[in-house]
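Please read all numbers here as calculations on a predicted model, not as lab measurements. The figures that follow rest on heavy atoms only: side chains count, while hydrogens, waters and symmetry mates do not. Proteins get letters first, then strands, A, B, ... in listed order; numbering begins at 1 in each.
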Amino acid sequence: MARKYWLLKSEPGCYSIDDLAGEPDQTTCWSGVRNFQARNFLRDEMALGDMALFYHSVTEPSAVGTVRIVRAGHPDETALDPGDSHFDPRSTPAKPLWFAVDVRFVRKFATPVPLRAMRVVPALSGMELLRKGSRLSVTPVTKAEFDVICRMGEAEG
DNA sequence: GCCAACGTTGGC
DNA sequence: GCCAACGTTGGC
């Protein structure tokens, strides 16, 4: 099966790429996603070895680096923990409702790739991220889109 | 099954 | 801070 490519959104004030790079093993559990379409991607589509763009939303909307999926979909523990802000009583160990993957830091771009820069690149015009009103926090991207954004990120500022 | 109300996301 | 777009909920 061919490796797939993704884009993962996070508010940097909540969890940034620097937070990920600073983890002892540079790995984290991508938990807390509470949208069914995104859940389906996490649970059914993401595979070990897939790559993803790390995207900062809200403050400085931009792709800021890349990560690797190091563990495929598994039940999101935060949904099962009554003490967690992401707790959801509809999810149980026997019938988990929400899922997470584990991701490992790969690289931080030399220069972030702003959303407004992506908007003017014809090769990126099909991205879900660029759709007006798009709020999906986990979206598939093509290898071509992934590569274009990586090149933009590695270009000198 | 419809749809209004509501809460949230996220760019600007 | 504003507000458009969207997903979810719940009354009917």
Checklist outcome for this item: Sorted by chain and residue number, the salt bridge (charged side-chain N to carboxylate O under 4.0 Å, His left out) partners of A:D147 (sequence neighbours excluded) come out as A:K143
Checklist outcome for this item: Separation of B:dG10 atom C1' from A:K9 atom NZ, nearest Å, is 7 Å
Next on the checklist: Whole angstroms only, please: what is the CD-P distance between A:E11 and B:dG11?
Outcome noted: 9 Å
Checklist entry - Should A:Y55 be listed as having a side-chain N or O under 4.0 Å from OP1 or OP2 of B:dT9? => result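 Checking B:dT9 against A:Y55, no side-chain N or O comes under 4.0 Å of OP1 or OP2.
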Checklist entry - At under 4.0 Å, does any side-chain N or O of A:R116 touch on OP1 or OP2 of B:dG10? => result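 Checking A:R116 against B:dG10: no side-chain N or O falls below 4.0 Å of OP1 or OP2.
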Could you write out each protein N or O paired with an N or O of nucleotides 4-8 of chain B at a distance under 3.5 Å?
residue, atom, partner, partner atom, Å
B:dT8, O2, A:R135, NH1, 3.3
B:dT8, O2, A:R135, NH2, 3.4

Next on the checklist: Main chain of A:A123, side chain of A:S125: is a donor-acceptor contact present, judged purely on distance under 3.5 Å?
Outcome noted: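 It does not hold such a pair.
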Checklist entry - Are any side-chain N or O atoms of A:Q26 and backbone N or O atoms of A:A21, one a donor and one an acceptor, separated by less than 3.5 Å? => result yes
Below 3.5 Å, can you tabulate the donor-acceptor pairs from side chains in residues 47-67 of chain A to any protein atom, sequence neighbours excluded?
residue, atom, partner, partner atom, Å
A:D50, OD1, A:K4, N, 3.0
A:D50, OD2, A:W6, NE1, 3.0
A:D50, OD2, A:A47, N, 3.0
A:H56, NE2, A:I17, N, 3.1
A:S62, OG, A:E60, O, 2.6

Residues which pass side-chain hydrogen bond (donor to acceptor under 3.5 Å, both in side chains) with [X], listed by chain and number, not counting sequence neighbours:
X      : answer
A:R119 : none
A:T92  : none
A:R131 : A:E128

Item to check | Inter- and intrachain pairs under ring pair (Phe, Tyr, Trp, His ring centres under 6.0 Å), touching residues 64-96 of chain A, at least two apart | outcome: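 Every candidate ring pair (Phe, Tyr, Trp, His ring centres under 6.0 Å) pair involving residues 64-96 of chain A fails, so no pair, neighbours aside, qualifies.
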Checklist entry - Which pairs pass ring pair (Phe, Tyr, Trp, His ring centres under 6.0 Å) with one or both residues in residues 115-152 of chain A, sequence neighbours excluded? => result A:Y5-A:F146
Checklist entry - Reckon A:R90 touches a base, only the sugar-phosphate, or nothing at all at heavy-atom distances under 4.0 Å? => result sugar-phosphate
Checklist entry - Taking DNA chain C as the partner, which of residues 120-133 of chain A come within under 4.0 angstrom of it by heavy atom? => result A:R131, A:K132, A:G133
Checklist entry - Which other residues belong to the hydrophobic cluster containing A:F36, where Ile, Leu, Val, Met, Phe, Trp and Tyr are joined when side-chain heavy atoms lie under 4.5 Å apart, directly or via other members? => result A:L97, A:W98
Check nucleotides 1-3 of chain B against the protein and report each pair of N or O atoms closer than 3.5 Å, with its distance, or say if there are none.
none

Item to check | By side-chain contact (heavy atoms from CB on, under 4.5 Å) - contacts of A:R43 (at least two apart) | outcome: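 A:R39, A:N40, A:F99.
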